[in-house]
**Q** 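Below are the structure tokens for one structure; questions will follow.
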Amino acid sequence: MTRFVKLLILLALCLSPVQAAAQVGLEPTVSRVASPGPQRTERIEAELVPMSAWAAPGSTAVVAIKQTIKPGWHTYWRNPGDSGGATTLSWTLPAGITAGEIVWPVPERQRLSGLMNYGYSGVVYLPVPIEIPASARIGTSLPLTVEALFLVCSAEMCVPDELTLTLVLPIREEVAPLNPRDGTAIATVLEKAPRPAGIAARIAAEGDQLVLTATGGPLTGQNPGPSYFFPFGTGVISHPAPQTGAWGPQGLTLRLTPGGATRAAGITAPVQGVLVTAQGAFEITAQAGDALPGATGSGSLTAAPDASASSAPAAAPTAGGTSLAVFAQALLFAVLGGLILNLMPCVFPILAMKAASLASAAHEPAKARRDGLAFLAGVLTTFLLLAGLLLGLRAAGEAVGWGFQLQSPPVTAGLALLMLAVALNLSGVFHVGAGLQGAGSGPLSRLPGGVGAFFTGVLAVVVAAPCTAPFMAFALGAALVMPWPLALGVFLGLGLGLALPFVIVSLTPGLLSRLPRPGPWMERLKGLLAFPMYGTALWLAWVFGRQSGTDALGLLFVAGLSLAAGVWLIGGGQAERMAGRRGVLHLVSGVLALILTGGTLVLAARVPAAALPADSSPEAGTTLASTPWSETAVQSALAEGRPVLVNFTADWCVTCKINERTSLSSAKVGAAIEQADAVYLVGDWTRRDDVIAAELQRHGRSGVPLYLLYAPGSNEPRILPQLLTEGVVIDALEDIRP
């Protein structure tokens with residue numbers, strides 16, 4: 001079978017109905033690099049490594065495909081389960097050299113809502129025996145080459161990655177020691193790998209279940225403990241269904257749920273697979289027939305827990321079978337999250353715009369209703385556009401999350417100038433649409449009809465998007481694995497929650513009547529409310545500087561100065577026309593200044609991104625020392641018996657920065673970390689980072705902030721609230737102290 005045909009088969013697997021329920025999107029990567037050492041893609045690093053330092057003539061050498069899989073991704077066992085495809089190898093070897101089959105380690109059970117896959121995550125070795133002929137000459141070296149085809153999957157997508165791996169294996173006469181780097185790990189895999197052990201097995205249908213009995217060998221006289229059966233063939237059993245049973249003096253009994261193939265044809269051939277018990281993992285062949293004696297009577301079997309490495313949210317629905325209950329729950333949480341989003345710090349500037357608009361229409365119910373509904377339309381339209389873009393990018397294989405637009409320096413720079421323009425408009429430097437009359441209108445709302453309110457809703461979403469609020473994590477995580485119509489419904493629920501307070505007030509004349517009647521105070525209010533917008537513009541400029549460096553920031557300042565001059569000239573032209581003069585010179589000069597602004601903005605966006613300074617961690621210069629996050633850093637600290645506090649943050653996340661200044665950098669928190677002997681790690685998502693995006697997805701999040709606290713001896717962290725207090729952090733650290 002050619003490599004091209006294998007790629008087509010794996011692509012077909014990804015597009016099958018079952019696969020579509022767990023993963024969407026394809027981005028195949030094929031590598032033809034044939035140099036020794038590790039080869040890598042964005043998702044996986046692979047290397048061909050020997051167990052022993054060299055091989056002897058006439059011996060069996062063992063080499064292994066070493067996979068280092070990035071967090072949030074996994075590869076598959078020989079039976080992938082409900083979706084996926086096994087790793088395949090195609091060898092190119094010298095004459096007389098033969099490669100055996102993969103010695104498959106026991107897989108993890110990777111649960112994804114209603115599906116169950118069998119595979120691997122993290123670091124895994126796939127050993128392969130290599131037969132060395134007796135004619136191999138001592139002192140020579142054998143070049144080994146293998147084309148490895150991995151189907152690497154996350155909760156949203158699968159990618160066939162093909163890598164060409166090579167190894168030069170020396171031939172010597174004496175007995176070889178273990179390879180000091182990987183030899184012990186490979187030997188451990190071989191020692192624990194499933195193998196035949198003289199176990200007799202039978203399988204038969206009993207009602208709507210299959211009864212598997214296994215006796216003899218290491219099962220005799222032993223309590224097998226937690227047990228599980230992995231069949232080699234697909235469709236034999238229902239993989240997600242629980243496996244229960246009992247044990248007796250001679251062995252054990254497992255009750256299984258039949259799979260589709262078994263339900264259709266029954267047990268027509270021996271069933272082969274791996275039986276995993278507390279005594280080890282054993283290959284068995286179960287013949288069709290009655291239950292073996294001595295396999296019950298001593299007690300019930302303990303169900304083997306999932307060793308899941310799935311990156312999907314625990315409660316996320318499958319893309320192909322979302323229940324109405326799950327969709328309703330996600331929709332409810334989305335509305336609640338949108339409501340709470342109004343209280344998040346990143347939305348405060350938009351509250352200023354809402355306040356100005358409400359004040360202008362307080363005693364005109366028809367206008368208030370129009371503005372309220374137009375604001376709602378702007379919010380929902382922008383949420384739909386952002387959600388559609390986010391879902392499209394994820395389907396195309398991009399690792400993006402909520403607030404992804406502010407990871408783009410050009411977008412950040414453009415928004416900074418837009419916020420500056422809004423602030424100058426609030427300050428009365430220029431006016432949109434009508435002239436100086438209509439003093440009661442708010443920013444952008446001077447456009448005809450409800451267009452101004454519509455664009456206020458647009459700005460509200462753009463500025464609020466970098467924030468996440470309680471209840472949003474489940475809603476967004478669930479939406480990203482739902483069919484796209486349901487996913488868009490969840491995003492619309494989030495927009496409805498964000499707009500709901502403003503809409504309710506605008507549709508309630510009794511509430512509006514409590515506001516003072518229009519007057520000069522409204523102009524003073526607008527001038528005051530301009531300052532939050534100036535602050536937002538400065539914040540966005542700071543984020544842009546962090547992303548692109550000081551040279552780009554300097555060009556952005558020039559663009560901001562040119563923008564201010566342009567709108568000031570245009571405002572002067574408006575005043576000239578109000579006085580009965582043409583004001584052409586002002587208008588032309590202002591337009592030229594705005595053209596200069598656009599050109600300078602393009603130059604700023606094209607400046608190559610500068611490397612982040614060594615002290616660019618959010619905690620630099622504070623009492624709380626930190627190191628960059630990586631999965632390796634987490635596991636290293638846990639291996640030392642130390643707790644780990646992880647802060648996933650970004651410079652454009654206002655909530656993150658407030659938490660860091662108020663709850664993560666105080667002397668008390670520093671003392672609590674020191675007393676707990678904890679390691680503090682920071683994952684900076686200011687710029688796009690696919691590894692961090694995958695880790696966020698693994699914990700059911702699509703944006704920052706995310707705070708994780710790992711206790712020694714546990715690989716699953718405690719997730720802290722998104723709104724932190726000093727006490728919450730200290731109490732959490734004290735809870736994990738011995």
Side-chain angles (χ1 to χ4, degrees), residues 1-10 28-41 44-69 75-78 85-105 120 123-152 160-191 193 195:
M1 183 181 297
T2 66
R3 308 306 289 170
F4 177 73
V5 172
K6 289 181 180 179
L7 272 174
L8 288 181
I9 291 174
L10 289 183
T29 299
V30 180
S31 172
R32 296 293 178 185
V33 179
S35 57
Q39 307 298 321
R40 59 185 59 85
T41 69
I44 187 173
E45 177 183 284
E47 184 178 6
L48 187 59
V49 294
M51 183 175 75
S52 301
W54 58 80
S59 67
T60 299
V62 176
V63 299
I65 311 299
K66 179 183 180 182
Q67 305 174 46
T68 304
I69 307 163
T75 58
Y76 292 94
W77 188 53
R78 57 185 296 174
T87 297
T88 61
L89 305 177
S90 179
W91 292 91
T92 301
L93 302 171
I97 308 295
T98 58
E101 298 297 323
I102 296 173
V103 180
W104 294 93
Y120 308 103
V123 177
V124 62
Y125 293 86
L126 300 183
V128 177
I130 303 291
E131 298 298 328
I132 308 297
S135 59
R137 289 193 302 166
I138 295 171
T140 61
S141 296
L142 299 177
L144 310 179
T145 301
V146 62
E147 290 184 11
L149 184 58
F150 308 98
L151 188 62
V152 193
D161 281 340
E162 186 177 25
L163 295 173
T164 301
L165 312 176
T166 64
L167 171 67
V168 177
L169 187 64
I171 300 298
R172 298 186 185 179
E173 186 174 12
E174 62 269 22
V175 176
L178 289 176
N179 171 16
R181 185 164 68 96
D182 300 291
T184 301
I186 299 173
T188 301
V189 171
L190 289 175
E191 181 182 351
R195 66 194 64 202

**Q** Please name the pair of heavy atoms, one in P170 and one in W54, separated by the smallest distance, quoted to 0.1 Å.
**A**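 Nearest pair, atom of P170 first, then W54: O-CB, 3.4 Å.
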**Q** Residues two or more places apart in sequence or in another chain: which of them pass side chain to side chain contact (heavy atoms under 4.5 Å, CB included) with V103?
**A**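 If we apply the side chain to side chain contact (heavy atoms under 4.5 Å, CB included) test to V103, skipping adjacent residues, the hits are P127, P129, L190, A193.
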**Q** Nearest 0.5 Å, what's the CD-OG1 distance between E147 and T166?
**A**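 Result: 11.5 Å between the selected atoms.
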**Q** For N179 versus P50, what's the shortest heavy-atom pair and its separation?
**A**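 So the minimum-distance heavy-atom pair works out to ND2-O, 3.1 Å.
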**Q** Taking atom types as modelled, find out whether T164 and Q39 have a side-chain donor-acceptor pair closer than 3.5 angstrom.
**A**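 No, because no side-chain N or O of T164 sits under 3.5 Å from a partner of the opposite role on Q39.
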**Q** Check step by step if side chain to side chain contact (heavy atoms under 4.5 Å, CB included) holds for V62 and I130.
**A** CA-CA 6 Å; V62 176; I130 303 291; over 6 Å; no
**Q** Could you list all the salt bridge (Lys or Arg N to Asp or Glu O under 4.0 Å) pairs where at least one residue sits in residues 169-182, not counting sequence neighbours?
**A**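 Listed once each, the pairs are E47-R181, K66-D182.
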**Q** Return each pair, listed once, that meets salt bridge (Lys or Arg N to Asp or Glu O under 4.0 Å) where at least one residue sits in residues 91-105; pairs must be two or more places apart or across chains.
**A**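 Salt bridge (Lys or Arg N to Asp or Glu O under 4.0 Å) check on residues 91-105 returns no pairs.
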**Q** For T87, what residues pass the side chain to side chain donor-acceptor pair (under 3.5 Å) criterion, not counting sequence neighbours?
**A**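 If we apply the side chain to side chain donor-acceptor pair (under 3.5 Å) test to T87, skipping adjacent residues, there are no hits.
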**Q** To the nearest 0.5 Å, what is the distance between CG (L167) and CD1 (I65)?
**A**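 Reported to 0.5 Å precision, the distance equals 9.5 Å.
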**Q** Rounded to the nearest 0.5 Å, how far apart are OG1 of T188 and CE of M51?
**A**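 Those atoms lie 10.5 Å apart.
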**Q** How would you list, by chain and number, every residue that makes a side chain to side chain contact (heavy atoms under 4.5 Å, CB included) with P180, sequence neighbours excluded?
**A**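 Per chain and number, P180 pairs via side chain to side chain contact (heavy atoms under 4.5 Å, CB included) with no residue.
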**Q** Report all side-chain donor-acceptor pairs from residues 93-100 shorter than 3.5 Å, counting only partners two or more places apart or in another chain.
**A**
none

**Q** Kindly say whether V49 contributes a backbone atom to a donor-acceptor pair with the side chain of Y125 at under 3.5 angstrom?
**A**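 Pair absent, no side-chain N/O of Y125 close to backbone of V49.
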**Q** Please name the pair of heavy atoms, one in L126 and one in P105, separated by the smallest distance, quoted to 0.1 Å.
**A**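 Of all heavy-atom pairs spanning L126 and P105, the closest is CD2-CD, 3.7 Å.
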**Q** Sequence neighbours excluded, which residues qualify as salt bridge (Lys or Arg N to Asp or Glu O under 4.0 Å) partners of E45?
**A**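 Salt bridge (Lys or Arg N to Asp or Glu O under 4.0 Å) list for E45, sorted by chain: R40.
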**Q** Rounded to the nearest 0.5 Å, how far does CG of L48 lie from CG of L165?
**A**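 Nearest 0.5 Å value for the CG-CG distance: 6.0 Å.
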**Q** Quick one: side chain to side chain contact (heavy atoms under 4.5 Å, CB included) partners of A55, sequence neighbours excluded?
**A**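 Side chain to side chain contact (heavy atoms under 4.5 Å, CB included) list for A55, sorted by chain: S59, A61, I132, L169, I171.
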**Q** Between side-chain atoms of residues 136-144 and protein atoms elsewhere (two or more places apart, or another chain), which donor-acceptor pairs fall under 3.5 Å?
**A**
from: T140; atom 1: OG1; to: R137; atom 2: O; distance (Å): 2.6

**Q** Please name the pair of heavy atoms, one in Y120 and one in I69, separated by the smallest distance, quoted to 0.1 Å.
**A**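 Closest approach of Y120 to I69: O-CD1, 3.5 Å.
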**Q** Restricting to side chain to side chain donor-acceptor pair (under 3.5 Å), what partner residues turn up for T60, sequence neighbours left out?
**A**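 Result, side chain to side chain donor-acceptor pair (under 3.5 Å) vs T60: E131.
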**Q** Ignoring hydrogens and geometry, is there a side-chain-to-backbone donor-acceptor pair from D161 to F150 under 3.5 Å?
**A**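 The answer is no, because no donor-acceptor pair under 3.5 Å joins these two groups.
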